[in-house]
J.: 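Below is one structure. I have some questions about it.
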Number of protein chains: 2
Amino acid sequence: MAEDPILGELSGDKVLLGGAATGELYEQGSFGRPVPGGLHLSLVEAAYLLDRGRISVRVGGEDLDFQSFFEAATALEAGFEFRYVVYKDLRERGYYVQPGVTDFRVYPRGGKPGKTPAEFYVHVVSEREPVPLKELVEPAKIARQMRKRLMLAVVDEESDITFYEAKDRDLKGEMEVEAPGGTATLLEDRVMLWDPEASEALHEGGFYGKPVGGRLQLSLVESAYLLEKGVLRIVDRSGAPLTPEEFSRRSRLVEEEFDMKRLVYRDLRDRRLVVKTGFKFGSHFRVYKRVEGSKKVPHSEYLVHSVPEGHIFHLPVVSRAVRLAHSVRKQMVFARQEGDEVKYLEIRRLKP
Amino acid sequence: MAEDPILGELSGDKVLLGGAATGELYEQGSFGRPVPGGLHLSLVEAAYLLDRGRISVRVGGEDLDFQSFFEAATALEAGFEFRYVVYKDLRERGYYVQPGVTDFRVYPRGGKPGKTPAEFYVHVVSEREPVPLKELVEPAKIARQMRKRLMLAVVDEESDITFYEAKDRDLKGEMEVEAPGGTATLLEDRVMLWDPEASEALHEGGFYGKPVGGRLQLSLVESAYLLEKGVLRIVDRSGAPLTPEEFSRRSRLVEEEFDMKRLVYRDLRDRRLVVKTGFKFGSHFRVYKRVEGSKKVPHSEYLVHSVPEGHIFHLPVVSRAVRLAHSVRKQMVFARQEGDEVKYLEIRRLKP
């Protein structure tokens with residue numbers, strides 16, 4: 001900067017600049033909000049410009065150096081440190097950033113306020129903050145209504161930032177299943193279909209279960225679904241047939257999350273997707289759009305994990321889930337019940 | 001099998017065979033335990049041999065087909081289904097497997113009972129079973145004392161098996177740190193060292209903190225360590241110096257797990273390792289054996305996650321952590337406090 005810093009005055013949670021600043025800072029750089037006869041900067045904008053020597057900040061007739069201003073700002077504004085780190089990072093990557101309904105509005109690369117609409121609403125959060133599911137679902141909805149995308153900027157304890165996008169997904173598959181009947185037995189905590197023909201047909205036709213020496217071993221959610229659809233008859237070890245209600249009751253004893261998983265499993269299968277356990281990936285399900293028989297099993301597209309409506313995300317856990325999903329080229333999707341519907345929220349890593 | 005099946009009698013949780021079986025099944029195949037005048041098979045061994053037509057099983061004068069025997073066995077023995085799946089899998093991979101102190105003893109490839117010592121103690125567990133930390137720590141100790149390795153065979157809801165090894169680790173680094181002093185400020189929830197020289201020396205010399213425009217941003221655990229070692233002086237925003245106790249007290253308000261993390265951080269640094277946040281990997285720390293300045297940061301070797309002594313593992317979470325660690329070529333290590341020591345348990349995937 002050749003020119004002298006523009007003089008600003010700290011007042012409350014703003015820094016007030018004279019009208020001269022409007023041209024240089026607002027029109028050229030999209031900093032601040034113009035007011036009659038001057039320009040108002042948020043504390044984050046002011047810290048950024050102060051650090052660059054573009055402005056000076058005075059309070060009670062005294063100049064504040066960066067350290068004193070920064071210390072004052074963190075005391076004035078909860079979360080200032082996080083917002084500053086994210087604001088600085090995005091600005092230094094060449095994005096135009098403005099305060100917005102969420103923490104910031106970010107403009108697309110090459111775009112700027114007045115010229116292009118903003119692309120992202122940015123929500124800044126510390127890795128330590130638990131994030132309730134609905135604090136992602138609601139902003140994601142609003143963002144979509146406003147034709148924006150929701151960006152989650154997670155700041156870790158070393159001020160590294162990980163960017164995520166959260167968005168509603170409508171999953172669809174292309175699987176046509178014609179499943180033959182059969183009678184299976186509920187054993188200790190899984191179901192076995194004994195008949196070899198039925199076993200093969202069910203596995204080849206719908207990619208259900210796991211063949212174990214001519215027989216088919218079905219998971220509880222698979223069995224509940226096939227029982228409900230009237231495809232399978234399920235008996236206990238004494239040979240007594242089980243109703244779907246009784247089967248569910250027994251499954252709940254084995255698997256705490258059975259009801260939640262069953263609901264999501266059914267919804268995904270009804271969407272003509274193929275659903276298998278995601279255990280090896282630490283999620284409830286891995287999901288295929290279509291599987292043509294067990295000879296050529298394709299790559300599964302999604303990892304789906306069911307969470308209750310009141311779920312609270314711990315960001316290190318989300319970070320691990322999303323990173324793992326990407327490392328195996330899958331999309332990480334969280335499923336929840338909303339009323340009597342199942343809704344899907346994808347969380348993916350962004351690399352701005 | 002050309003020969004007729006050997007006749008066996010189901011009695012309690014054993015299948016009893018006559019002396020003739022000893023030669024064919026025990027001496028050739030290492031099945032069962034010889035008793036005067038005969039051979040005793042466990043239910044798992046019997047199911048395996050029955051499925052192969054090597055034996056027939058009778059109870060009360062009646063022959064049992066595989067289905068009836070299997071149904072009976074799951075009723076007689078909790079966890080039979082899981083053990084059968086694992087036993088069958090290992091046998092079909094060509095390993096000799098025998099009942100042991102844990103579920104099974106497995107012999108090294110090419111080895112067999114009487115010829116070579118067993119290599120693994122196998123602990124079979126359902127993905128749904130919560131596993132207390134000490135149920136891994138104790139068997140791992142015993143296995144090591146017996147010069148064996150501890151294998152965890154986790155059976156998922158579709159009877160797929162994931163094998164893990166759990167073992168104690170003694171981590172060591174090669175980092176020489178000479179750290180200059182300085183005064184830093186505790187802000188809202190992180191610490192800032194303002195002096196550029198001190199900042200650079202600390203970052204380059206010990207890979208501490210994150211440089212933010214000439215200043216150094218330190219995490220709470222880093223700061224607590226440097227404060228404790230007398231390297232840093234830490235003041236609050238009013239300039240009042242903080243004792244290590246006061247700093248810890250304030251840190252606890254920000255970070256629930258602060259004490260546990262601080263303890264492990266200190267132990268790792270004292271072991272001359274370089275410790276940074278593992279947030280991007282969903283663990284507490286990523287750990288380097290040595291870092292020669294920030295210009296050429298090497299690959300970090302370990303992901304370390306601290307858990308309380310009474311921790312209970314949920315296997316899908318372990319599966320995710322270990323899989324993620326391997327996908328970035330790191331070792332997954334869980335740290336716990338034992339008395340006034342910190343101990344490390346590595347959990348790694350095995351591919352038998």
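Computed from a predicted structure; not experimentally measured.
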J.: Would you call Glu71(A) and Arg237(B) a salt bridge, using N to O less than 4.0 angstrom?
T.: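 Answer for the salt bridge query: no.
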J.: Which one wins on heavy-atom pair count under 4.5 Å against chain B: Gly278(A), Gly209(A), Ser219(A)?
T.: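 If we count pairs closer than 4.5 Å to chain B, Ser219(A) comes out on top.
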J.: Highest number of heavy-atom pairs under 4.5 Å with chain B: which of Leu220(A), Thr277(A), Val212(A), Val85(A)?
T.: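 With the most close heavy-atom pairs to chain B, the winner is Thr277(A).
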J.: With chain A, which of Gly214(B), Ser126(B), Gly79(B) has the greatest number of heavy-atom pairs at distances under 4.5 Å?
T.: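 Answer, by heavy-atom pair count under 4.5 Å with chain A: Gly79(B).
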J.: Rounded to the nearest 0.5 Å, what's the gap from CG on Leu324(A) to CG on Leu324(B)? Could you check?
T.: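 Between Leu324(A) CG and Leu324(B) CG, I get 6.0 Å after rounding to 0.5 Å.
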J.: Would you say the side chain of Ser327(B) lies within less than 4.5 Å of the side chain of Arg323(A), judging by non-hydrogen atoms?
T.: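 Heavy-atom side-chain distance check fails, nothing below 4.5 Å.
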J.: Checking Glu77(A) against chain B: side chain, backbone, both or neither under 4.5 Å from a heavy atom?
T.: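 The backbone, not the side chain.
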J.: Please check if the number of heavy atoms outside Glu92(A) that lie under 6.0 Å from its CD is greater than 12.
T.: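 Yes, CD of Glu92(A) has more than 12 neighbouring heavy atoms, counting only those of other groups under 6.0 Å.
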J.: Side-chain contact, heavy-atom cut-off 4.5 Å: Glu158(B) with Gln217(A)?
T.: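 Answer no - side chains too far apart.
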J.: Take Ser319(B) and Phe279(A) through the test side chain to side chain contact (heavy atoms under 4.5 Å, CB included) and record every step on the way to the result.
T.: CA-CA 7 Å; Ser319(B) 168; Phe279(A) 172 72; 4.0 Å; yes
J.: With side chains defined as the heavy atoms from C-beta onward, is the minimum distance between His284(A) and Pro316(B) less than 4.5 Å?
T.: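 SC-SC contact between His284(A) and Pro316(B) ruled out.
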J.: What part of Ile161(A) gets closer than 4.5 Å to chain B, counting heavy atoms only: side chain, backbone, both or neither?
T.: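 Contact with chain B is through the backbone of Ile161(A) alone.
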J.: Quick check: do Lys280(B) and Val154(A) have side-chain heavy atoms less than 4.5 Å from each other?
T.: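 A side-chain contact is absent here, since even the closest heavy-atom pair is not under 4.5 Å.
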J.: Which of the residues Asp51(A), Thr162(A), Thr185(A), Asp189(A) is involved in the greatest number of heavy-atom pairs with chain B at under 4.5 angstrom?
T.: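 When all of Asp51(A), Thr162(A), Thr185(A), Asp189(A) are compared, Asp189(A) has the most.
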J.: Go through Glu255(A), His314(A), Glu222(A), Glu188(A) and name the one with the most non-hydrogen pairs under 4.5 angstrom from chain B.
T.: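 Option with the top pair count is Glu188(A).
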J.: At a heavy-atom separation under 4.5 Å, does Ala321(B) approach chain A through its side chain, its backbone, both, or neither?
T.: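 Both parts, backbone and side chain.
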J.: So do Met192(B) and Phe70(A) actually touch side chain to side chain, heavy atoms under 4.5 Å?
T.: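 Yes, close enough: below the 4.5 Å cut-off.
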J.: Using non-hydrogen atoms and a 4.5 Å limit, figure out which bit of Lys276(A) sits close to chain B: side chain, backbone, both or neither.
T.: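 Both parts, backbone and side chain.
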J.: Taking all non-hydrogen atoms of both residues, which atom of Ser159(B) and which atom of Arg190(A) are closest, and how far apart?
T.: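 Closest heavy-atom pair between Ser159(B) and Arg190(A): OG-NH1, 2.8 Å.
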J.: Using non-hydrogen atoms and a 4.5 Å limit, figure out which bit of Ser283(A) sits close to chain B: side chain, backbone, both or neither.
T.: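 Contact with chain B involves both backbone and side-chain atoms of Ser283(A).
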J.: Go through the atoms of Phe80(B) and report whether side chain, backbone, both or neither lie under 4.5 Å from a heavy atom of chain A.
T.: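 For Phe80(B), backbone heavy atoms alone lie under 4.5 Å from chain A.
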J.: Please evaluate residues Lys210(A) and Glu157(B) with respect to the criterion salt bridge (Lys or Arg N to Asp or Glu O under 4.0 Å), reporting the C-alpha separation (whole Å), side-chain torsions for both, the decisive distance (0.1 Å), and the verdict.
T.: CA-CA 10 Å; Lys210(A) 165 120 191 276; Glu157(B) 61 187 330; over 6 Å; no
J.: May I ask you to name which of Leu218(A), Leu315(A), Val317(A) has the most heavy-atom pairs under 4.5 Å with chain B?
T.: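 Maximum pair count with chain B is reached by Leu315(A).
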